[in-house]
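See below for the structure under consideration.
The structure displayed is predicted, hence computed values, not measured ones. All values below come from the heavy atoms of this structure, side chains included, with hydrogens, waters and symmetry mates left out. Each chain gets a letter, A, B and so on, in the order the sequences are listed, and its residues count up from 1.
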Amino acid sequence: MSRCTNAACPAQVYERVRHFASRGAMDIEGLGDVMAQQLTERGLVAEIADIYRLDEAALAQIPRTGKKSIESLLRNIAASKGRGLARLLYGLGIRFVGTQTAQILATDFGTIEAIADADNAQLQRSEGIGPEVAGSVVLFFKQPANREMIARLQRAGVQMTAPKRAARAGGRLEGETFVLTGTLPTLTRDEATELILAAGGKVTSSVSKKTDYVVAGDEPGSKLTKAERLGISILDEAALRRLVKA
DNA sequence: GAGCCTCGAGATCT
DNA sequence: CTCGAGGCTC
């Protein structure tokens, strides 16, 4: 696979902005595919940090964007500053760093500076980080343009810290691995994940012998079948809540 | 090397 | 959600 290396090319800027604002990353509602396209095409956003410089006058240039949408978007942009290090890291779009890896790095290192200054060997001490991923992270933070972008985000007030792992250790679900499938009655996937993480548990995406519990909701997928075959404990939402509180 | 797991893309649904 | 590719662990 080939990768375009011109960071300034419009298609690259658009992709970065779109990914940064996406649900798993900074979750900026109102800044989806279409808005990202408009902002980058019009030169209102030439790099990620420009998102935080947008104001009413700039947004008013965009067709079909009235006072209400503008107010709401600006509010959502402001709210995104507090999403925390894990989401921010994922949002930066570092190769091989998805939500899981970003989460691990965030809780292991605690601040963006610690990650940016870590060398290959230090990064590899984290679970799931091998030579390839570590190399990719080092490469990203070696680029002066990336360090500058981060500095600009920081100046804009974007928070770049995370509670360290220690703060969460000793939870009731310490050492337990969970997999979610189907739709839960009252919790979203993110909320269920957060509940488990907060109790010291771990959430992965595929069922294996190492899975301790499968949390199944309505219309579960093949993960439930696999869990039954492997004899893994199945929980519904109520049982998960009980386990967390137990 | 085997098995596990994440990433990332594409399909499905709301 | 599923699934393949490929990185990581043991």
Exercise. What distance do A:E29 atom CD and A:L31 atom CG have between them, rounded to the nearest 0.5 Å?
Worked result: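 A:E29 CD to A:L31 CG: 11.0 Å, rounded to 0.5 Å.
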Exercise. Quick one: do A:K67 and A:E71 make a salt bridge, cutoff under 4.0 Å?
Worked result: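 Salt bridge flag = no for A:E71 with A:K67.
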Exercise. Salt-bridged, A:R18 to A:E15, with N to O below 4.0 Å?
Worked result: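 Salt bridge: yes.
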I'd like to check [X] versus [Y] (side-chain heavy atoms, cut-off strictly below 4.5 Å). Are they in contact?
X: A:Q38; Y: A:P63; answer: yes
X: A:M160; Y: A:L153; answer: yes
X: A:I196; Y: A:L240; answer: yes
X: A:I150; Y: A:F141; answer: yes

Exercise. If you look at every heavy atom in A:L54 and A:L74, which pair is closest and at what distance?
Worked result: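 Answer, listing the atom of A:L54 first, then A:L74: O-CD2, 3.5 Å.
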Problem set entry | Boundaries of the chain A footprint along DNA chain C (any atom under 4.0 Å from a heavy atom) |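 Terminal contacting nucleotides, 5' to 3': C:dC1 to C:dT9.
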For this session: Give, ordered by number, those residues of residues 11-41 of chain A having at least one heavy-atom distance below 4.0 Å to an atom of DNA chain B; if nothing qualifies, reply none.
Result: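 Heavy-atom contacts with DNA chain B come from no residue of residues 11-41 of chain A; none.
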Exercise. Quick one: do A:L243 and A:V214 end up in the same hydrophobic cluster if we chain Ile, Leu, Val, Met, Phe, Trp and Tyr together by side-chain heavy atoms under 4.5 Å apart?
Worked result: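 No, it is not one cluster - the side chains of A:L243 and A:V214 are not joined through contacts under 4.5 Å.
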For this session: Pick base, sugar-phosphate or nothing for A:I94, based on heavy-atom distances below 4.0 Å to the nucleic acid.
Result: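 Result for A:I94 = nothing.
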List, with names and distances, any nitrogen or oxygen atoms from the protein found under 3.5 Å away from nitrogen or oxygen atoms belonging to nucleotides 4-6 of chain B.
from  : atom 1 : to     : atom 2 : distance (Å)
B:dC5 : OP2    : A:S208 : OG     : 2.5
B:dT6 : OP2    : A:S205 : N      : 3.4
B:dT6 : OP2    : A:S205 : OG     : 3.3
B:dT6 : O3'    : A:T101 : OG1    : 3.4

For this session: For a side-chain contact (heavy atoms from CB on, under 4.5 Å) with A:V138, tell me which candidate from A:D119, A:I115, A:L123 qualifies.
Result: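 So, applying the side-chain contact (heavy atoms from CB on, under 4.5 Å) to A:V138 and each of A:D119, A:I115, A:L123, only A:L123 qualifies.
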